[in-house]
Amino acid sequence: VVIEAIAAEPKPLGSYRELFPVTHDRAYLNHAALGVGSTRLLGALAEHLEQHAQLGSGATIQWQAQRVRLREKMAAFIGAQPGEIAMVKNTPEALGIVSNGLSWQAGDRVIISDLEFPANAMPWLKLAEQGVEVVTIHSVGGRVPLEAVIEAISPRTRLVALSLVEFSNGYRNDVKTIGDVCHQRGALLAVDAIQALGPLRVNVREQNIDFLAAASHKWLLGPPGMGWLFCRQELIDSLDVAMVGQGSYARDATTPWLAYDLPLWPDARRFEPGIPNFLGIAGLEAVLDLLFEVGIERIEDQVKHLTDRLASGLLERGYRLAAPRDGGQWSGIVSFSSENHASADLLARLEQGGVSVALREGLIRVSPHFYNDETDVERLLALLPPHGA
Ligand SMILES: Cc1ncc(COP(=O)(O)O)c(C=O)c1O
């Protein structure tokens, strides 16, 4: 696809700050929980609702064209082909298409970690009903030990399901290496990428990912209700399609509605049984255009810069970081705690000081994005009580 925005002269990063009204009075550092709306998102949603009000069904031709465009942009964003992308509602729905779609046999194994958000645990644990055994890799010092994951991949392992970035502490799994070992040993790799997509470069081919699940309302700064499923083309036929409707089957504008004997779409559109979330499509296209315009490399560099500053400022003040950041392990999430100060008290102090963060599993979780700057990070650090003299 040609993303027109790329051709334009890059604007300074700082100029994007004004697109985010939240920056007027808050340091919003909570993108791992929920992204924040921009004027670009607002404009796109307003335009869509205006078309809805003015045209009703007369708008659907342009909305369908937007859906085709968006699928191309989603694919380009993660190095996939458009036919490998299904637009779903959220992350667990995407993972459920995989967990319900593969055919399992008693004794098959799935590997997860003890840091997975329920979205990437429950779909696999539910397979116990079919005799599938879930092997949980225990984290050590905030890491999901790569060596332990690799050792656990046995001939009985059908699939490894890990987050690219773990939600509570921001630990980044080396999915490329894990995917490589999976493929050598005949297993598949499913990745929950919701905490990575946006701040980090993700490429499904380079990272050996078979299935990727995510949603748009966190780091993509998009609307809720726009989930992503990537399914590698060769695997599409291996998934049973649990829910079908008019949208699952290959039809064009001339196909009668009462024709029931149609083949499934040969691609991931078969996982979209009915009318799509056109409002969400409008919103997601606007924010993906924004991210393409800024440039994913610049976004990643800025997130690295801000999280590095945050991590060093926290250590200087005597706080403990929850996960290692060296090598390729850093991410957009920095989580910390203190020996002397309760996390709930720290959260309240930050909230009162106009800094938005989250409390997750006893940790203060900070998650800045590309439009944040050093003033936001310094505002947070200045609110934190010191440790002793
Ligand atoms: C790693 C991870 N997976 C999945 C989810 C939830 O997915 P969704 O919001 O698409 O339902 C979250 C939300 O916090 C998450 O952190």
Side-chain angles (χ1 to χ4, degrees), residues 28-37 74 77-78 85-100 110-126 134 136-137 139 142-144 159-175 178 189-200 202 207 209 211-230 271-272 276-277 280-281 283-284 287-288 303 322-323 329-335 356-369:
Y28 191 84
L29 304 170
N30 204 16
H31 300 90
L34 193 67
V36 70
M74 291 168 79
F77 202 75
I78 58 171
I85 302 289
M87 298 179 205
V88 297
K89 287 199 294 296
N90 49 46
T91 311
E93 183 174 318
L95 290 165
I97 288 172
V98 179
S99 68
N100 291 304
V110 172
I111 296 174
I112 64 171
S113 83
D114 65 358
L115 293 178
E116 298 310 306
F117 195 78
N120 186 39
M122 306 324 290
W124 313 115
L125 291 167
K126 188 168 185 298
V134 172
T136 304
I137 305 297
S139 50
R143 285 181 78 225
V144 179
L159 181 133
V160 175
L162 288 173
S163 292
L164 213 166
V165 170
E166 300 293 355
F167 81 99
S168 60
N169 68 4
Y171 179 71
R172 188 196 315 201
N173 283 298
D174 179 357
V175 295
I178 294 167
L189 175 64
V191 169
D192 175 345
I194 197 172
Q195 296 294 2
L197 213 56
L200 306 180
V202 175
Q207 292 174 295
I209 296 171
F211 305 108
L212 176 142
S216 309
H217 56 283
K218 294 182 190 281
W219 295 94
L220 294 170
L221 304 166
M226 284 301 294
W228 298 47
L229 170 65
F230 156 78
F271 302 117
E272 300 174 8
N277 175 2
I281 287 171
L284 180 55
V287 291
L288 280 192
V303 171
Q329 302 175 111
W330 72 276
S331 74
I333 294 175
V334 176
S335 294
S356 299
V357 297
L359 178 56
R360 288 292 183 276
E361 310 306 296
L363 303 167
I364 296 289
R365 182 181 70 181
V366 192
S367 45
H369 215 320

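The first residue in the sequence is number 1, and the count goes up from there. Remember, it's 1-based here, ligands and their atoms both numbered in the order they're listed.
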S.K.: Number the atoms of ligand 1 from 1 as they appear, then name those within less than 4.0 Å of a heavy atom of Ala215, with their elements.
M.R.: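 So the atoms of ligand 1 that pass are 10 (O).
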S.K.: Give the numbers and elements of all ligand 1 atoms closer than 4.0 Å to a heavy atom of His217.
M.R.: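 Close to His217: 8 (P), 9 (O), 10 (O).
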S.K.: What residue and heavy atom of the protein are closest to atom 3 (N) of ligand 1, and at what distance?
M.R.: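 That would be Asp192 OD2, 2.5 Å.
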S.K.: Do Ser216 and Trp228 have side-chain N/O donor and acceptor atoms under 3.5 Å apart?
M.R.: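 On atom types as modelled, these side chains qualify, holding a pair under 3.5 Å.
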S.K.: Counting only N and O atoms by type, is there a donor-acceptor contact under 3.5 Å from the side chain of Thr136 to the main-chain atoms of Ile112?
M.R.: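 Not at all, since once roles are kept as given, no pair shorter than 3.5 Å links the two residues.
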S.K.: Mark yes or no for whether Asn169, through its side chain, and Gly142, through its backbone, hold a donor-acceptor pair below 3.5 Å.
M.R.: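 Answer holds: yes.
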S.K.: Measure from the side-chain N and O atoms of Arg365 to the backbone N and O of Phe167, and report whether any donor-acceptor pair falls under 3.5 Å.
M.R.: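 Yes, because the side chain of Arg365 sits within donor-acceptor range (under 3.5 Å) of the backbone of Phe167.
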S.K.: Using atom types as modelled and distance alone, determine if a side-chain donor or acceptor of Lys218 lies under 3.5 Å from a backbone N or O of Leu34.
M.R.: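 Not confirmed, Lys218 side chain does not pair with Leu34 backbone.
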S.K.: Hey, does the side chain of Ser163 reach the backbone of Glu116 with a donor-acceptor pair shorter than 3.5 angstrom?
M.R.: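 Not at all, since once roles are kept as given, no pair shorter than 3.5 Å links the two residues.
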S.K.: Identify, for atom 7 (O) of ligand 1, the protein heavy atom at the shortest distance, and state residue, atom and that distance.
M.R.: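 So the nearest neighbour among protein heavy atoms is Thr91 OG1, 3.2 Å.
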S.K.: Among all the protein's non-hydrogen atoms, which is closest to atom 11 (O) of ligand 1, and how far away is it?
M.R.: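 I find the closest protein heavy atom is Pro92 CD, 3.3 Å.
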S.K.: Sequence neighbours excluded, which residues qualify as ring-ring contact (aromatic ring centres under 6.0 Å, His included) partners of Tyr171?
M.R.: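 Here no residue qualifies.
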S.K.: Distance to 0.1 Å, residue and atom name: give those for the protein heavy atom nearest to atom 16 (O) of ligand 1.
M.R.: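 Scanning the protein heavy atoms, the shortest distance from atom 16 (O) of ligand 1 goes to Gln195 NE2, 2.9 Å.
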S.K.: Are Asn120 and ligand 1 in contact, using a heavy-atom cut-off of under 4.0 Å?
M.R.: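 Judged by the 4.0 Å heavy-atom criterion, Asn120 does not count as contacting ligand 1.
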S.K.: Is it the side chain, the backbone, both or neither of Ile194 that has a heavy atom closer than 4.0 Å to ligand 1?
M.R.: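 Side chain only.
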S.K.: Give the residue and atom name of whichever protein heavy atom lies nearest to atom 5 (C) of ligand 1, and the separation in Å to one decimal.
M.R.: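 For atom 5 (C) of ligand 1, the nearest protein heavy atom comes out as Phe117 CD2, 3.3 Å.
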S.K.: So, for Val144 and Asn173, which heavy atoms are closest and what is the spacing to 0.1 Å?
M.R.: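 Distance-wise, the nearest heavy atoms are CB-OD1, 3.3 Å.
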S.K.: In ligand 1, which numbered atoms sit nearer than 4.0 Å to a non-hydrogen atom of Ala119?
M.R.: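 Atoms satisfying the 4.0 Å criterion: 4 (C).
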S.K.: Any non-hydrogen atom of Gly227 lying under 4.0 Å from ligand 1?
M.R.: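 It does not; every heavy atom stays at 4.0 Å or beyond.
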S.K.: From the options Ile178, Leu159, Leu212, select the one residue that forms a side chain to side chain contact (heavy atoms under 4.5 Å, CB included) with Leu189.
M.R.: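 Testing each of Ile178, Leu159, Leu212 against Leu189, the sole residue satisfying side chain to side chain contact (heavy atoms under 4.5 Å, CB included) is Ile178.
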S.K.: Considering distance alone, does some N or O of Lys218 sit under 3.5 Å from an N or O of ligand 1?
M.R.: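 Lys218 vs ligand 1: N/O contact under 3.5 Å present.
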S.K.: Just distances here: any N/O of Ser163 and N/O of ligand 1 closer than 3.5 Å?
M.R.: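 In fact, backbone or side chain, Ser163 has no N or O that close.
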